[in-house]
Amino acid sequence: MYKKIGIVGDKDSILPFMALGLEVVAVTNEMEARIGIDRLAKEAYPVIFVTEPVAQMVPETIKRYDNVAIPGIILIPSNQGTLGIGKERIRENVEKAVGQNIL
Amino acid sequence: MVRLNVNPTRMEMTRLKKRLTTATRGHKLLKDKQDELMRRFILLIRQNDALRDEVEKELHAGMSDFMMASAIVSQEFIEEAIVFPKEEIEVSVAEKNIMSVNVPIMNMRRKSEQAEESIFPYGFVTTTSEMDSSIQKISDSMPNLLKLAEIEKTCQLMADEIEKTRRRVNALEYMTIPQLQETIKFIAMKLEENERSTITRMMKVKDIVK
Amino acid sequence: MDQLQFNQMNARLSVYETKLLQGAKFEQMLSATDAAAVIRLLAETEYGDVIEVGASPYEYERILEKELSRVYKMAYDLSPVKGMVDIFALNYDYHHLKVLTKEKLSGKDLNHLLLPITRTPIEQLRQAVFSMEGTGLDGTMAESVAAVFSYFEEYEDVQSIDVIYDRYYLRELRELADTMNDAGASHIVETMIDTINLSTLLRCMAQKKSIGFLNAVLSSYGGIEKQELIRLSALSYEDIARHFEASDYAELISEAVKEIGETGKMTHYDLLKDNFFMSYLKKAKFDVFGPRTLLAYLYAKETEIKNIRMILVGKINHLPEPFIRERMRESYV
């Protein structure tokens, strides 16, 4: 079954995705971020992109969906560039699996 | 090593030996699974890492372009132009089982491809060609972005499973199996001792009877 | 049109023109350390009246809107012929029609997309859209609403909403200019439509659009014939440039074609188009009579706001200065 994709972040960064028909949820603070992500997850969006600065506000919420197959919460940079949090998550996975950084 | 608290009987030893065989076989299987998961994980995580670099660069460039393109007119004009989109990008998720880990397989569907239409939902008077190209740029990075979503989620789930498997392998290797071996050895010793004392006793009885 | 009736307005405008931001001010803003510093610099200018103490740079859109709405109000008060201001304000009416129409068709709340520049009151436009027939509006605008809804009902093509409104907008623009009965105003509008048409043509070629599509999006109210533009779409970019060699648009088109050849894009064209129009209007600077100064002033103000917005957006998002600078439009002074 095909479903829409969700995206959560500051408005400036995620607005262009509106043109592509993604569900754009613009947030400005922690509470809006948490409510936004949880709503999209509850409505069974298979993929939710979250900008790094927003993910930084709500680490617990992001973690909650880490070990379920759906939704996949994927961090993306904001228009200010990357904060390296997405990369950091890859390193965490490597250390969890391999025990040392092999990248 | 602590041995198990069991009665040193022959029956118990048979039971423990059976458990040891199972545990040894389980250990080998799990170890194989862990190795295979690890092998795949390492391949995939390298891909994940490289893809993320690429996608982050693409997205940031697209976002910056769009931002500057949209700075030419007021936000209200920009949002009006795209608020009612023509394009629909959707995904369907199937699950695939890799070494007992359920990982997502994502398929993307685009309305523009089916209808053979452009993705731009707006007119030409209040918008610019720079807007077209920045939206196009982001649109072009969507397949990569979804590929990233698929791989990254897969890696995450695999990392969890590898960690879980390793814990079980370690438990078998450093706890269960040595414990069983120790206990079996202990029972064997006990039984031997019993046997020796029985023989001694028998010999003594024999002497008395004589 | 009686050119003398604008004398008083022109005298006043020559004072307002001196308040337009100068190149040095823009240089200061470009080299400012952050957006807050840009706002502080702005507060020292005629924008000071619309900047509240302690205003956050993130509210830049509100500040710029307030200034723009002040300018339009002032222009309506000043101009003896309202239609002259309408030439620039009409754009906002059509913007509102698009927003209200999309609101109705999508069911989303889009109130935040309405602007404080209202040639026609929002409520009147809302009524017209709500009726889906343009009830309560006159002529071309009423027709536009009816056309959009009847087309959408049949084809459900989202893009057609903007495309149809745009077409009626350019038509009404031409009608407005014609009723002014002023050669200067007519020529300005014709040039506006031409540059829009040319940009549309090139963008459509880049998007590989059909002749049918071009026919729908090009306006027949410019100086260059629509059929001529459609014929051009079959040519190579170089041939198009050659076609305009002897026209006013020679440089504009040849630059655009050069860029397409080099980068495959026409990002720079948007800038060139604005600059072309600005240098065209600059010729009105020394007009003592007639309404062209007003049009030039309004365009100068729109451009100034555009440039300020770009600097602010650039600063807020920490974009490098050259990245902002290369997008800055030529200003009037």
Side-chain angles (χ1 to χ4, degrees), chain B residues 55-90 109-142, chain C residues 61 64-65 68 91 94-95 98-99 102-103 105-106 108 110 112-115 157-167 169-170 196-197 199-200 202-204 206-209 217-219 264-271 273-274 305-306 309-314 317 319 323-324 327 329:
Chain B
V55 166
E56 285 187 353
K57 219 161 48 196
E58 277 174 13
L59 275 188
H60 180 225
M63 284 172 174
S64 304
D65 281 3
F66 180 82
M67 206 165 48
M68 279 324 277
S70 59
I72 293 168
V73 287
S74 76
Q75 274 233 330
E76 286 83 354
F77 274 82
I78 294 295
E79 205 179 321
E80 181 282 316
I82 59 174
V83 75
F84 200 174
K86 188 157 137 173
E87 175 70 314
E88 275 168 24
I89 299 182
E90 295 177 314
R109 184 169 75 177
R110 307 184 68 136
K111 199 173 164 190
S112 59
E113 275 168 12
Q114 294 166 311
E116 293 183 19
E117 278 250 31
S118 80
I119 55 176
F120 308 107
Y122 45 71
F124 293 80
V125 174
T126 55
T127 58
T128 62
S129 66
E130 195 178 3
M131 235 175 109
D132 298 349
S133 54
S134 63
I135 289 176
Q136 188 65 53
K137 208 179 214 170
I138 292 184
S139 171
D140 290 344
S141 60
M142 283 310 288
Chain C
E61 206 65 85
L64 301 180
E65 271 161 22
L68 203 57
N91 189 14
Y94 276 91
H95 167 72
K98 289 176 185 173
V99 170
K102 289 185 178 179
E103 184 166 77
L105 291 173
S106 72
K108 291 182 194 163
L110 302 180
H112 62 289
L113 300 183
L114 300 172
L115 290 158
D157 174 15
V158 172
Q159 193 178 19
S160 71
I161 301 170
D162 284 5
V163 165
I164 296 173
Y165 276 130
D166 281 348
R167 206 166 53 209
Y169 159 62
L170 296 180
I196 289 170
N197 267 344
S199 148
T200 305
L202 295 175
R203 282 166 75 188
C204 283
Q207 292 176 21
K208 303 202 170 24
K209 288 295 191 185
V217 293
L218 289 170
S219 167
K265 287 189 205 152
M266 42 182 288
T267 309
H268 202 49
Y269 176 85
D270 302 325
L271 173 80
K273 185 184 78 164
D274 289 352
I305 284 175
K306 215 178 252 194
R309 184 187 294 108
M310 270 185 280
I311 294 177
L312 281 167
V313 169
N317 295 292
L319 296 173
F323 194 78
I324 310 172
R327 284 170 165 77
R329 269 56 182 163

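The model shown is predicted, which means the values in this text are computed figures rather than measured ones. Proteins come first, then strands; the chains are lettered A, B, ... in the order of their sequence lines, and each starts at number 1.
The distance from the CD1 atom of B:Ile72 to the CZ atom of C:Arg327 is 7.5 Å, given to the nearest 0.5 Å. Between atom CD1 of residue B:Ile82 and atom CG of residue C:Asp162 there is a gap of 11.5 Å, rounded to the nearest 0.5 Å. Once rounded to the nearest 0.5 Å, the distance linking CD of B:Glu79 with CG of C:Leu110 reads 7.5 Å. Within the model, atoms CE of B:Met68 and OG1 of C:Thr267 stand 12.0 Å from one another, a figure rounded to the nearest 0.5 Å. A distance of 10.5 Å separates NZ of C:Lys102 from OH of B:Tyr122, quoted to the nearest 0.5 Å.
Interface residue C:Ile324: backbone and side-chain heavy atoms are both found under 4.5 Å from chain B. Interface remark: C:His112 contributes backbone and side-chain atoms alike to the contact with chain B (heavy atom separation under 4.5 Å). Looking at C:Glu103, neither its backbone nor its side chain comes within 4.5 Å of chain B, counting heavy atoms on both sides. Neither the backbone nor the side chain of C:Arg167 has a heavy atom closer than 4.5 Å to any heavy atom of chain B. In this structure, no portion of C:Asn197 lies under 4.5 Å from any heavy atom of chain B. Both the backbone and the side chain of C:Lys306 have a heavy atom closer than 4.5 Å to some heavy atom of chain B. In this structure, chain C has a heavy atom under 4.5 Å from the side chain of B:Ser133, while its backbone stays farther away. Of the two parts of C:Lys108, only the side chain, counted from C-beta on, holds a non-hydrogen atom closer than 4.5 Å to a non-hydrogen atom of chain B. Using a 4.5 Å cut-off between heavy atoms, B:Thr127 contacts chain C through both its backbone and its side chain.
Annotation: maximal heavy-atom pairing with chain C below 4.5 Å, among B:Ile78, B:Val73, B:Asp65, B:Thr126, occurs at B:Val73. Among B:Lys86, B:Met67, B:Gln136, B:Glu76, the residue with the largest count of heavy-atom pairs under 4.5 Å with chain C is B:Glu76. Your options are B:Pro85, B:Ser70, B:Ser129, B:Gly123, and the one with the most heavy-atom pairs under 4.5 Å with chain C is B:Ser129. Contacts with chain B were tallied for C:Val158, C:Asn91, C:Ile196; C:Val158 has the most, counting heavy-atom pairs under 4.5 Å. The most heavy-atom pairs under 4.5 Å with chain B, out of C:Asp166, C:Val163, C:Leu105, come from C:Asp166. When C:Asp270, C:Leu319, C:Val313, C:Val217 are compared by the number of non-hydrogen pairs under 4.5 Å with chain B, C:Asp270 comes out ahead.
The minimum heavy-atom distance between B:Ser118 and C:Gln207, with the atom names listed, is OG-OE1, 4.2 Å.
The local environment of NZ in C:Lys265 is sparse, with at most 12 non-hydrogen atoms from other residues, nucleotides or ligands closer than 6.0 Å.
At distances below 3.5 Å, not a single donor-acceptor pair connects side-chain atoms of C:Glu61 with backbone N or O atoms of B:Ser74. Looking at C:Arg203, its side chain does come within 3.5 Å of a backbone N or O of B:Phe124 through a donor-acceptor pair.
Using a 4.5 Å heavy-atom threshold, the side chains of C:Tyr165 and B:Val125 count as separate.
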